[in-house]
Amino acid sequence: MREIVVIGGGASGLAVALETKKRGRDVLLIEREEDLGGILNQCIHNGFGLEVFEEEYTGPEYANKYIEEFLKLDIDYHLNTTVLKIEKTNNYFEITMSSKARGIEKIKAKAVVISTGSYERSRGSIIMPGERPYGVITAGSAQRYLNIDGYMVGKRVFILGSGDIGLIMARRMFLEGAKVLGVAEIMPYSNGLTRNIVQCLDDFDIPLYLSHTVTDVKSGESNRLESIVIQKVDENFNPIENTAKVFEVDTLLLSIGLIPDIALLDNLEVVVDSLTKSAKINQAYETSVRGLFICGNSLQVHDLVDNVTLESIRAGKCVSDYLEKKLEKNNESIDIIPGKNVGYVTPQVLDFSWSPKELIISFRGKKKMEKTKIKVFQNNELVFEKFKQFIVPAEMETIKLDYSKLNKFDELGISLEEL
Amino acid sequence: MFDYIVIGAGIVGSTIARELSRYQVKVKVLDKENDVANVQTLANSAIIHSGHNPDPDSLKAKLCVWGNKLYEKMEEELSIPLLKSGAYVVAHNKTEEEKLAELYETAKINKVPEFYYLDSQEAKKQEPNISKNVTKVLSLPTTKVTYPWEVAFACMENAIMNGVSLQKNALVTKIIPNNEYFEIEVNGKQIFKTKNIINAAGVACDDIAGMVEKEVPYKVHGRKGEYFVLDKRVKGFVNHVLYPLPSDKGKGVLITPQFHGNILIGPTSEYVDDKFNVSTSFEGLDYVKTHAKELAENIPFNDIIRSFAGIRSSIESGDFYIEESKEFKGFYHVAGIDSPGLTSAPAIALYLLKEVIKIDKKQKINKDFNPIIRKQREFHSLSKEKQIELLKEDARYGNIICKCEKITEKEVIDAINGELGSDTIKGIKKRIRVGAGLCQGGYCEEKVMRLISREKNISPLDVKYDDKASKLFVGETKVNKL
Amino acid sequence: MGKKTFTCIVCPRGCRVTIDDNMNVTGNKCLRGEKYARTEMTNPTRILTTTVKTTFKNMPRVSVKTEEPIPKELIMQAMEEINKVTIKEQKKIGDIVIENILDTGINVILTKPLIRNEVKNEEVHLSN
């Protein structure tokens, strides 16, 4: 019987494993790929670590800091091992995993942490009319082929979606010799960080078409993408006539969002939040299943890896507390609800049986706002307020609340108000 | 000299090839595509209909009910996936109930083996998500759901086992009828001689027929259908195929549970000028959504993982056209095979051989014919004991390649190297569902690419997505100048 | 001439910084923003991150970066230099790949350890 099994060896899983090991817990980490570090390995651009290290690192450098420490602490781990199933009995979890080296095996654990990251939305998850040629590829897949394997997926590229991966890939494809004809974003604002618009698009004169989307996809002789049509959209995202622009491209990269990968929760009775598309948690990162924790991008999609690390360290502490029986339940809990202009919030539940010094709440704004007040209400009473110059959906916001000000009965609502 | 050349390796060509292999004849199948089941068979509703819909006295009525029965035998012999779901045709008001009564009568005349009414309460009990406005239901327990391309693969593989040869990437460019035989020119160069030709070319049937006949007795009109697929996590949303009442546009938008738990919603029905164009449209997909809502409540459209379109090869008469050429003996038309073509396919093959060709008078039985393919089911659907046994034989069953569908390295390798193996990403997906899940290949495509490269001993730069020119990569960074 | 406004790209915060003719900088949340605005006015620079070829089967490409920002207009030229390199031996993270690229005084360094590891598939790492 293991104390903790951590599933996923990316930024989140590494941080959880390190934190729990440092607290003297017994931990096993399971990674399906042949390397630790997860998606950071292919994010070779810089911009990681400013929050945690106050230095700017590339993805592999950032990952390496944690991998080195992980190896130094001699934490147990499996590579090339896929978890197939997690089952819960009264007192423990049973994890079924599969690998070439050891076949199918089962292990038991007192606590499980899901840090499986997220997957990319593909063409199927949005309605994109037109033919189905080869050449419409998610930006992350193209990034892996490019940065890890050294293969170019196309010569003439257009990008749909201005998420950071799309912007970063616009620059990478350009630097490696491709023609990048533009980026289309259906929203009237970019979904990526402003610095990436500047250094990935503006630096290379790549145009950004806001309020535009792809409305046709045409294939050539060999079933390879030949051209796309983009059109301006109105406020209801319907294409406007006579605004069509045709681009002759062999590749359309999709950067249209990430979704938490919670496929492993399918057999467990986990309560899911339709807003985050992941499990609901309490402030200890514990799901509705006792002893099952979740953090990192499998909990909520982050824009900065530093926040993944910090969140996962907190989750690691909570798992340790759980094993030390400091996380007992007494059924005193309230819901935390996203209010006006708030897209989602985590945690969704505040459990009064476990009270660290501060309650950290993460959320995203629904739209771009200026001069905004973050307000937290309980029973129509303002319990917290903070001014924020800018709110953009692309950036996750975090606030810290004092427990002592809250009552134990009424739900907590978070809203954003423009001044 | 061949006895029979079958043009087209879709579901119809494949079932015909298999039936031919029961005789002592030399058979070749030609297909312009680089894989079996690549056009109509790849994109349709995948339903084995009961036969409640076609006009009595039509060939469609006869072959649909017959074909439905033959699927159970094929399941036994060929290990094809068959979900015995049954179906509900729903009515929403008195007028529709009258139409439902007409269908009931049709089902009776067509000799559908089992069918009965359910009141709305009973229907809701069986299908909790069925539309609240449903007033009456015609239940059709013999309706089933399959994966059409898997049926085609199994039939073709069995035909090959029994002596048939298959040539892919073989576009028929000319047919010259002589007195005793035909000459078929392929890709503008290769010539095959054959005594008989079976034209099972689907949407291209009239093009092929036009190479022989002075006047082709039909014209194929492409009728496009657009669909959505929902992720298998919605498994159980409906357990029966839900049909609206049919109209002049066909069977309408259906909700279909699939073998692996996905839900298929569609199709539209729209005549198109370009019968090879399978693009989707905003309007089409909107139409599907709107009409599906008449069948069920709270459809989880958030779980859409894919949309696609297929073409049905319809002809004016509205019925199948399965006849020998009046002028050119030995040239057989199998045309107009739109819905219920998948259901009818095994019966079409038997009807053609027994009643049109009258093959039993002409050819001797192949005593060595073996109708059985023991296809191993997906590794992760096998019993624990069986899995352990297989893992001892081959450790590659332990390496998961497709996480969403739980497909192992050994299964990918078998799909590459098997009798009807494929060396393309799309071909492997068709065979074993690698990349058919939630992430749509985002995670596993690279792994499949590496396995194809290794097994076929080709550079990753030469791995293709589907046909000749669509390679995954245009070059290597820092090596090839773009 | 007047003022000029940029988005500072030093960190993901993305401050809107304004610089006037007298090189006075406003809108920045930290000192790096001030430095960025001045450089952007006179000699814009960027850190270049990319990959280099290796002879390693398990890592055909390895990631690199310029240790410091290089002049923006040299980026494509720097790419050409980096693309000529093939690494043949194991190296540590931070090891120099190209010294003093294009006479900028700045080195191109590895951002990932380059280790030959042909039998990764069978790895198990259990201490007890």
Side-chain angles (χ1 to χ4, degrees), chain A residues 26 28-29 34-35 37 41-48 50-51 56-64 67-68 71 74-81 99-102 146-151 164 168 171-172 174-177 193-199 202-204 303-304 306 390 392 395, chain C residues 6-16 27 29-30 32 36 40 44-54 58-69 72-73 75-76 78-80 82-83 92-94 109-115 117 119-128:
Chain A
D26 160 63
L28 167 71
L29 182 145
E34 59 180 11
D35 292 300
N41 287 319
Q42 70 184 56
C43 298
I44 64 163
H45 53 281
N46 58 336
F48 303 90
L50 279 157
E51 197 90 5
E56 191 170 28
Y57 292 116
T58 64
E61 288 172 316
Y62 186 93
N64 201 60
I67 294 170
E68 275 181 0
L71 297 176
D74 220 3
I75 299 172
D76 291 347
Y77 66 108
H78 291 310
L79 295 178
N80 299 306
T81 304
S99 65
K100 203 187 248 179
R102 301 175 314 283
L146 186 67
N147 292 343
I148 308 264
D149 304 319
Y151 298 118
D164 287 312
I168 295 285
R171 175 175 63 183
R172 274 299 289 147
F174 182 93
L175 288 176
E176 295 291 354
L193 299 170
T194 317
R195 75 189 301 240
N196 285 335
I197 304 275
V198 174
Q199 60 180 358
D202 297 354
D203 273 6
F204 306 103
D303 31 277
L304 295 178
D306 299 69
F390 287 107
V392 285
E395 288 174 34
Chain C
F6 317 93
T7 298
C8 175
I9 62 165
V10 174
C11 83
R13 205 177 277 145
C15 296
R16 296 287 290 168
K29 290 210 181 76
C30 72
R32 286 178 305 193
Y36 172 78
E40 196 68 9
T45 60
R46 299 286 184 266
I47 295 224
L48 172 62
T49 60
T50 181
T51 56
V52 294
K53 293 191 293 275
T54 81
N58 62 310
M59 273 176 87
R61 298 290 181 275
V62 64
S63 56
V64 296
K65 70 174 184 185
T66 57
E67 219 167 350
E68 298 288 330
K72 202 166 97 175
E73 74 269 9
I75 284 179
M76 290 319 279
M79 277 300 290
E80 273 176 41
I82 293 169
N83 289 351
K92 295 192 301 295
I93 194 163
I109 59 167
L110 273 193
T111 58
K112 200 181 202 170
L114 180 57
I115 305 156
N117 193 351
V119 285
K120 274 187 176 175
N121 265 342
E122 313 307 327
E123 270 181 281
V124 188
H125 306 269
L126 297 182
S127 49
N128 44 342

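The sequence lines fix the lettering, A, B, ..., with proteins before strands; numbering per chain opens at 1. Since we're looking at a predicted model, the values are computed, not measured.
- Side chains of A:Glu176 and C:Thr50: a donor on one and an acceptor on the other come within 3.5 Å.
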For the pair A:Phe174 and C:Met76, evaluate side-chain contact (heavy atoms from CB on, under 4.5 Å) and give the outcome as yes or no after the intermediate values. CA-CA 10 Å; A:Phe174 182 93; C:Met76 290 319 279; 3.9 Å; yes
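- Neither the backbone nor the side chain of C:Cys15 comes within contact range of chain A, judged by heavy atoms closer than 4.5 Å.
- Taking chain C as the reference chain and counting heavy-atom pairs below 4.5 Å, the highest number among A:Gln42, A:Arg171, A:Arg172, A:Glu51 is found for A:Arg172.
- Most heavy-atom pairs under 4.5 Å with chain A, from the set C:Thr51, C:Leu48, C:Thr49: that is C:Thr49.
- Note that the NZ atom of C:Lys72 and the CD atom of A:Gln199 stand 10.5 Å from one another [nearest 0.5 Å].
- Atom CD of A:Glu61 and atom CD1 of C:Ile93 lie 5.0 Å apart (nearest 0.5 Å).
- To the nearest 0.5 Å, atom OG1 of residue C:Thr111 and atom CG of residue A:Asn41 are 10.0 Å apart.
- Expressed to the nearest 0.5 Å, how far CG of C:Asn58 lies from CD1 of A:Ile148 amounts to 11.5 Å.
- To the nearest 0.5 Å, the span separating CG on A:Leu175 from CD1 on C:Ile82 amounts to 9.0 Å.
- When the candidates A:Asp202, A:Asp203, A:Val198, A:Asn147 are compared by the number of heavy-atom contacts under 4.5 Å with chain C, A:Asp203 comes out ahead.
- Using a 4.0 Å cut-off between charged nitrogen and carboxylate oxygen, A:Asp149 and C:Arg61 do not count as a salt-bridge pair.
- In this structure, NZ in C:Lys112 is found 9.0 Å from CD1 in A:Ile44, a value given to the nearest 0.5 Å.
- For A:Tyr62, no part sits under 4.5 Å from any heavy atom of chain C, backbone or side chain.
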